[in-house]
Novice: 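Below are the structure tokens for one structure; questions will follow.
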Amino acid sequence: MTRKLHLAVSAYGVGGPGQHGLWKDPRVPKNASIDIQYYIRQAQIAEQALFDAFFVVDSQFITADYPSHYLNRLEPLTLLSAVATHTSRIGLVATASSTYNSPFNLARRFASLDQISGGRAAWNVVTSFDTGTSRNYGLDEHLDYATRYGRALEAVQVVRGLWDSYEDDAFPADLDANVFLDPAKLHALNHVGEHFKVAGPLNISRSPQGQPVIFQAGVSEEGRNLAAQVAEGIYAPGGSQAEAQAYFRDIKRRAEAVGRDPQHVLIFTGATPVVAGTDEEAHRRSREIFEEDNDFDRKLGFLGRSFGAYDFSRHDLDAPFPDVAHLAEKGGRTAGQAIVDRAAAENLTLRQVVDTLTEYKPSPFTGAPDTVADAIEEWFVTGAADGLNLRFRALEDLERFAGDVVPVLQKRGLFRTEYEADTLRGNLGLPIPENLYTAKVAQ
């Protein structure tokens with residue numbers, strides 16, 4: 001089968017990371033992050049453009065320095081349940097933490113979204129980046145990396161087991177025989193593991209796609225190993241094309257090493273296109289966007305996220321970068337350590353670290369429609385991504401991409417001209433997982 005590009009849109013309302021000034025944009029409602037109609041409209045535009053998925057990220061800890069969208073936003077599964085009733089084909093990807101949710105609850109909520117949407121649900125598995133989340137769930141400290149990722153792997157295994165509680169033909173609903181359920185097709189999981197003890201069964205049947213799709217986002221060693229073992233879709237970091245290619249090769253290699261088909265691990269690289277009538281106009285707009293979001297104090301505050309919401313404002317901005325590596329150990333270890341290492345290697349002050357990390361770097365997908373399509377094609381064919389998870393500042397930016405760039409990709413034979421299936425799995429080209437108990441009988 002010819003490889004096809006996949007596209008998702010990630011919704012951020014009044015502004016996620018690097019979009020500190022978006023709430024000021026007159027095109028964006030000030031309550032966009034809690035306005036369900038705003039989300040529904042985004043999903044409908046993306047669906048009309050034949051996007052694979054509508055992606056909702058999440059976190060459960062904030063400080064006043066966090067981006068505007070983080071401060072006041074809807075819970076992902078609740079949001080997507082509403083979106084599901086106003087769309088019919090686009091996939092619905094919700095982020096939920098394996099650290100701060102029980103597997104049974106996760107299994108039931110995602111299975112419900114899968115039924116509501118007719119087989120379009122996906123779980124983006126995260127272990128929670130923000131260390132302060134622990135205090136919202138009765139824990140004094142965030143779990144360490146090894147524990148969080150061990151728990152995540154087991155949580156996915158338990159959830160998948162619960163999703164198989166009913167075999168596909170468990171409900172004959174035979175009036176003549178007076179049989180609604182065939183009890184032989186109902187199975188308790190009876191899982192006892194290192195982190196969880198879950199009896200089951202789950203009280204909801206399998207959906208048209210068998211099970212929700214598993215997405216994952218992570219760049220640490222533990223995160224990459226988890227992706228290789230369980231992920232069917234990955235929300236990958238951006239960076240340069242070379243960095244994306246290296247990440248792509250690494251994940252595919254790890255998946256193959258554990259006996260999986262690497263073609264069934266689809267990598268969606270995060271990207272923020274800026275599309276305009278000409279390349280010059282697009283780059284001018286890209287620079288304007290940077291200046292609109294270039295609030296040093298907010299960037300300083302958000303820097304602390306990789307270090308357990310540490311308050312860097314207590315330090316002299318022009319003194320050497322403080323010794324805070326230990327604060328990243330249970331939170332954003334990979335990102336935090338990279339910041340510390342760079343500061344040490346280049347002898348940077350705190351101010352220079354903030355400026356360096358947030359210096360102007362236009363998206364590689366900036367330009368006129370053909371230019372943006374050229375860049376997307378280049379990343380796709382050279383193995384930097386299977387698709388893109390796109391972020392747009394306002395509805396009209398999404399509409400412009402959908403109306404101007406998507407047709408170019410379609411004309412080049414890179415992107416679909418109609419949906420291949422009614423389910424997310426079908427549109428991603430992923431197989432329907434065989435029910436665990438049906439497979440045992442077949443053996």
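We use all heavy atoms of the structure for the numbers below, so side chains are in, but hydrogens, waters and symmetry mates are not.
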Novice: Using modelled atom types only, decide if a donor and an acceptor are shared between the side chain of Asn435 and the backbone of Tyr166 within a distance under 3.5 Å.
Specialist: yes

Novice: Between Tyr12 and Phe392, does the ring centre distance come in under 6.0 Å?
Specialist: no

Novice: Could you check whether any side-chain N or O of Ser207 sits under 3.5 Å from a backbone N or O of Asp114, counting only pairs where one atom can act as donor and the other as acceptor?
Specialist: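 Answer holds: no.
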
Novice: Are there over 12 heavy-atom neighbours, none belonging to Arg108, within less than 6.0 Å of that residue's CZ?
Specialist: no

Novice: For His142 and Tyr100, test the side chains for any donor-to-acceptor distance below 3.5 angstrom and give the result as yes or no.
Specialist: yes

Novice: Dump the intermediate steps for salt bridge (charged side-chain N to carboxylate O under 4.0 Å, His left out) on Glu222 and Arg151, then the final yes or no.
Specialist: CA-CA 12 Å; Glu222 295 89 344; Arg151 181 183 169 100; over 6 Å; no

Novice: Under 4.5 Å between any side-chain heavy atoms of Val372 and Phe401, yes or no?
Specialist: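 A side-chain contact exists here, since the closest heavy-atom pair is under 4.5 Å.
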
Novice: Lys252 versus Asp386: any side-chain heavy-atom pair under 4.5 Å?
Specialist: yes

Novice: If we ignore hydrogens and angles and just use 3.5 Å, is the side chain of Gln19 paired with the main-chain N or O of Asp293 as donor and acceptor?
Specialist: no

Novice: How long is the gap from CG on Leu74 to CG on Leu79, to the nearest 0.5 Å?
Specialist: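 Result: 5.0 Å between the selected atoms.
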
Novice: If the condition is salt bridge (charged side-chain N to carboxylate O under 4.0 Å, His left out), which residues does Glu377 pass it with, not counting sequence neighbours?
Specialist: Arg412

Novice: Would you check, one step at a time, whether the test side chain to side chain contact (heavy atoms under 4.5 Å, CB included) holds for Val408 with Asp374?
Specialist: CA-CA 9 Å; Val408 178; Asp374 288 343; over 6 Å; no

Novice: Can a salt bridge be assigned to the pair Arg285 and Glu292 using a cut-off of 4.0 Å between side-chain N and carboxylate O?
Specialist: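 Result for this pair is yes, salt bridge flagged.
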
Novice: Main chain of Ala394, side chain of Asp397: is a donor-acceptor contact present, judged purely on distance under 3.5 Å?
Specialist: yes

Novice: Minimum heavy-atom separation for Glu378 and Thr382, please, with both atom names.
Specialist: O-OG1, 2.6 Å

Novice: Taking only distance into account, with no hydrogens and no angle test, what donor-acceptor pairs under 3.5 Å do side-chain atoms of residues 51-62 form with protein atoms, sequence neighbours excluded?
Specialist:
{"from": "Asp52", "atom 1": "OD1", "to": "His6", "atom 2": "ND1", "distance (Å)": "3.4"}
{"from": "Asp52", "atom 1": "OD1", "to": "Leu7", "atom 2": "N", "distance (Å)": "2.9"}
{"from": "Asp52", "atom 1": "OD1", "to": "Arg416", "atom 2": "NH1", "distance (Å)": "3.2"}
{"from": "Asp52", "atom 1": "OD2", "to": "His6", "atom 2": "ND1", "distance (Å)": "3.0"}
{"from": "Asp52", "atom 1": "OD2", "to": "Arg416", "atom 2": "NH1", "distance (Å)": "3.4"}
{"from": "Asp52", "atom 1": "OD2", "to": "Arg416", "atom 2": "NH2", "distance (Å)": "2.8"}
{"from": "Ser59", "atom 1": "OG", "to": "Arg73", "atom 2": "NH2", "distance (Å)": "2.9"}
{"from": "Gln60", "atom 1": "OE1", "to": "Tyr137", "atom 2": "OH", "distance (Å)": "2.2"}

Novice: Indicate yes or no: at least one non-hydrogen side-chain atom of Thr438 is less than 4.5 angstrom from one of Asp164.
Specialist: no

Novice: Would you find a donor on one side and an acceptor on the other, under 3.5 Å apart, between the side chain of His86 and the backbone of Ala82?
Specialist: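 Looks like yes, one N/O pair under 3.5 Å.
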
Novice: Are side-chain heavy atoms of Gln337 and Asp341 found at a separation under 4.5 Å?
Specialist: yes

Novice: Quick one, Ile376 and Trp379 - any side-chain contact, counting heavy atoms below 4.5 Å?
Specialist: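 No - every pair of side-chain heavy atoms lies 4.5 Å or more apart.
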
Novice: Looking at Glu141 and Ser134, would you say the former's side chain and the latter's main chain have a donor-acceptor pair under 3.5 Å?
Specialist: no

Novice: Please determine which of Val83, Asp35, Ile45 meets the side-chain contact (heavy atoms from CB on, under 4.5 Å) test together with Ile40.
Specialist: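 By the side-chain contact (heavy atoms from CB on, under 4.5 Å) criterion, Ile40 pairs with just one of Val83, Asp35, Ile45: Val83.
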
Novice: Side chains of Ser240 and Glu243: closer than 4.5 Å at any heavy-atom pair?
Specialist: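 Touching, per the 4.5 Å side-chain cut-off.
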
Novice: Which distance, rounded to the nearest 0.5 Å, do you find between the OH of Tyr437 and the CG of Asp168?
Specialist: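 So the gap between those two atoms works out to 13.5 Å.
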
Novice: Might you work through the salt bridge (charged side-chain N to carboxylate O under 4.0 Å, His left out) test for Lys185 and Asp169, ending with a clear yes or no?
Specialist: CA-CA 7 Å; Lys185 302 297 180 72; Asp169 56 350; 2.9 Å; yes

Novice: Evaluate Glu75 against Thr78 for side chain to side chain donor-acceptor pair (under 3.5 Å), listing each step before the verdict.
Specialist: CA-CA 6 Å; Glu75 187 278 323; Thr78 308; 2.6 Å; yes

Novice: Grab the two heavy atoms, one from Ser68 and one from His20, that are nearest each other, plus how far apart they are.
Specialist: OG-O, 4.0 Å

Novice: Got a second to check how far His69's NE2 is from Leu71's CG, nearest 0.5 Å?
Specialist: 10.0 Å

Novice: Let's go through Tyr235 and Ser10 carefully: what are the C-alpha distance in whole Å and the side-chain angles of both, what is the deciding distance for side chain to side chain contact (heavy atoms under 4.5 Å, CB included) to 0.1 Å, and is it a yes or a no?
Specialist: CA-CA 10 Å; Tyr235 185 3; Ser10 193; 4.2 Å; yes

Novice: When you look at CD of Glu359, are more than 12 heavy atoms from neighbouring residues, nucleotides or ligands closer to it than 6.0 Å?
Specialist: yes

Novice: Without swapping roles, check the side chain of Glu154 against the backbone of Phe196 for a donor-acceptor pair under 3.5 Å.
Specialist: yes

Novice: Please check if the side chain of Arg89 supplies one atom and the backbone of Ala421 the other of a donor-acceptor pair under 3.5 Å.
Specialist: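 It does hold such a pair.
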
Novice: Without swapping roles, check the side chain of Arg120 against the backbone of Ile90 for a donor-acceptor pair under 3.5 Å.
Specialist: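 Yes; judged by distance alone, with no hydrogens or angles, the pair exists.
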
Novice: Minimum heavy-atom separation for Ala43 to Thr87, with atom names?
Specialist: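 So the minimum-distance heavy-atom pair works out to CB-CG2, 4.0 Å.
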
Novice: May I ask you to check whether over 12 heavy atoms, not counting those of Glu256, lie within 6.0 Å of atom CD?
Specialist: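 No, because the 6.0 Å sphere around CD of Glu256 holds 12 heavy atoms or fewer from other groups.
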
Novice: Looking at every non-hydrogen atom in both residues, tell me the closest pair between Ala107 and Trp163 and how far apart they are.
Specialist: O-NE1, 3.0 Å

Novice: How many angstroms lie between CZ in Arg41 and CD in Gln37, if you round to the nearest 0.5 Å?
Specialist: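 One gets 11.0 Å once the value is rounded to the nearest 0.5 Å.
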
Novice: Say you draw a straight line from CD of Glu418 to CG of Asn427; how long is it, rounded to the nearest 0.5 Å?
Specialist: 10.5 Å

Novice: For residues 265-274, tabulate all N or O donor-acceptor pairs below 3.5 Å that involve a side-chain atom, not counting sequence neighbours.
Specialist:
{"from": "Thr269", "atom 1": "OG1", "to": "Ala384", "atom 2": "O", "distance (Å)": "3.4"}
{"from": "Thr272", "atom 1": "OG1", "to": "Arg391", "atom 2": "NE", "distance (Å)": "3.1"}
{"from": "Thr272", "atom 1": "OG1", "to": "Arg391", "atom 2": "NH2", "distance (Å)": "3.1"}

Novice: Within the 4.5 Å heavy-atom criterion, are Leu22 and Asp25 side-chain neighbours or not?
Specialist: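 Sidechains of Asp25 and Leu22: in contact.
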
Novice: In this structure, is the centre-to-centre distance between the rings of Phe312 and Phe321 below 6.0 Å?
Specialist: yes

Novice: When you look at His187 and Glu167, which way does the side chain to side chain donor-acceptor pair (under 3.5 Å) test go after all the steps?
Specialist: CA-CA 8 Å; His187 305 278; Glu167 295 180 43; 2.7 Å; yes

Novice: If you compare all heavy atoms of Leu5 against all heavy atoms of Phe380, which two are closest, and at what distance to 0.1 Å?
Specialist: N-CZ, 3.5 Å

Novice: Mind running salt bridge (charged side-chain N to carboxylate O under 4.0 Å, His left out) on Glu221 and Arg254 for me, showing each step along the way?
Specialist: CA-CA 11 Å; Glu221 185 71 12; Arg254 291 180 194 236; 3.1 Å; yes

Novice: Could you tell me which non-hydrogen atom of Ser117 sits nearest to which non-hydrogen atom of Leu92, and how far apart they are?
Specialist: CB-CD1, 3.8 Å

Novice: I need the Glu232 CD to Asp261 CG distance, nearest 0.5 Å.
Specialist: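 Taking CD in Glu232 and CG in Asp261, the distance rounds to 11.5 Å.
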
Novice: Assess whether salt bridge (charged side-chain N to carboxylate O under 4.0 Å, His left out) is satisfied between Asp250 and Arg253, documenting all intermediate values.
Specialist: CA-CA 5 Å; Asp250 182 53; Arg253 176 187 60 79; 2.6 Å; yes

Novice: Less than 4.5 Å apart, any side-chain heavy atom of His191 and any of Lys197?
Specialist: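 Of all side-chain heavy-atom pairs linking Lys197 with His191, none is under 4.5 Å.
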
Novice: Could you check whether any side-chain N or O of Gln209 sits under 3.5 Å from a backbone N or O of Arg425, counting only pairs where one atom can act as donor and the other as acceptor?
Specialist: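 Pair found, side chain donor or acceptor close to backbone of Arg425.
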
